[in-house]
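Predicted model, so just to flag it, every value in this text is computed and none were measured. What's counted below: heavy atoms across the whole structure, side chains too, no hydrogens, waters or symmetry copies.
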Amino acid sequence: MFFFPPDEVIRKRLLIDGDGAGDDRRINLLVKSFIKWCNSGSQEEGYSQYQRMLSTLSQCEFSMGKTLLVYDMNLREMENYEKIYKEIECSIAGAHEKIAECKKQILQAKRIRKNRQEYDALAKVIQHHPDRHETLKELESLGKELEHLSHIKESVEDKLELRRKQFHVLLSTIHELQQTLENDEKLSEVEEAQETSMETDSKP
């Protein structure tokens with residue numbers, strides 16, 4: 001005696017498969033198996049066709065489950081890439097702010113240098129002043145001021161160079177991330193094509 005599955009079960013299983021690789025072919029095979037099952041002349045042939053239908057339905061369910069897992073994984077990856085992209089944008093914005101601050105410091109250093117030149121000119125005038133003791137004291141003070149300003153200038157230049165390097169690293173990271181995304185998409189397409197080929201070759 002044959003075991004006939006309820007119509008509702010068959011209907012639900014037929015609706016499980018989607019647009020995954022080989023879905024149309026599986027459905028066609030399922031329809032052909034169903035027709036053969038309906039036209040089977042013996043119990044053994046009917047049972048064999050019934051088992052084939054169940055096997056095809058299981059393959060459809062497995063393909064759907066795999067597709068859903070890949071879809072969920074892609075969603076999580078997109079969320080992760082979006083988070084990384086926002087972090088990079090924040091880093092770039094911070095780098096621009098630091099560069100702008102360094103430019104301000106450079107302008108300040110230029111003003112300081114101009115003042116130092118004026119101090120040098122003034123020191124030359126002071127050297128001709130009769131009060132040599134006061135002149136020497138002033139020159140000593142100006143020398144310390146110039147040394148301090150030189151240190152400030154060097155510090156500002158070092159900071160600017162560091163910010164330039166950091167900005168270059170950020171741009172390189174963005175480029176590498178874009179390349180990684182493109183490679184991931186290509187690899188995913190290749191894997192899907194290989195899986196499709198393997199599933200097609202494994203079918204009787």
Check this for me: Tyr81, atom OH, are more than 12 non-hydrogen atoms of other residues, nucleotides or ligands nearer than 6.0 Å? yes

Looking at [Y], is its backbone amide N or carbonyl O close enough to the side chain of [X] to form a donor-acceptor pair, meaning the two atoms are under 3.5 Å apart?
X: Thr173; Y: Val169; answer: yes
X: Ser172; Y: His168; answer: yes
X: Ser58; Y: Leu54; answer: yes
X: Ser91; Y: Glu87; answer: yes

For the atom pair [atom1] ([X]) and [atom2] ([Y]), what is the distance rounded to the nearest 0.5 Å?
X: Leu181; Y: Glu77; atom1: CG; atom2: CD; result: 9.0 Å
X: Asn74; Y: Glu185; atom1: CG; atom2: CD; result: 9.5 Å
X: Met78; Y: Asn80; atom1: CE; atom2: CG; result: 11.5 Å
X: Gln108; Y: Asn115; atom1: CD; atom2: CG; result: 10.0 Å
X: Arg113; Y: Ile152; atom1: CZ; atom2: CD1; result: 14.5 Å
X: Asp72; Y: Thr67; atom1: CG; atom2: OG1; result: 11.0 Å

Given the rule that I, L, V, M, F, W and Y join up when any side-chain heavy atoms are under 4.5 Å apart, are [X] and [Y] in one cluster?
X: Leu149; Y: Leu139; value: no
X: Val70; Y: Phe62; value: no
X: Leu170; Y: Leu177; value: yes
X: Tyr85; Y: Leu171; value: no

So which atom in Cys102 and which in Leu160 form the shortest heavy-atom distance, rounded to 0.1 Å? CB-CD1, 3.8 Å

Glu157: salt bridge (Lys or Arg N to Asp or Glu O under 4.0 Å) partners, not counting sequence neighbours: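 Glu157 satisfies salt bridge (Lys or Arg N to Asp or Glu O under 4.0 Å) with Lys153 only.
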
Only one of Lys110, Arg111, Glu118 clears side-chain contact (heavy atoms from CB on, under 4.5 Å) with Lys114; which?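 Answer after filtering Lys110, Arg111, Glu118: Glu118.
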
Note, Glu97 side chain near Glu101 side chain (heavy atom, < 4.5 Å): no

Under the side chain to side chain contact (heavy atoms under 4.5 Å, CB included) criterion, do Ile92 and Phe167 qualify, and how do the steps go? CA-CA 7 Å; Ile92 293 176; Phe167 185 69; 4.1 Å; yes

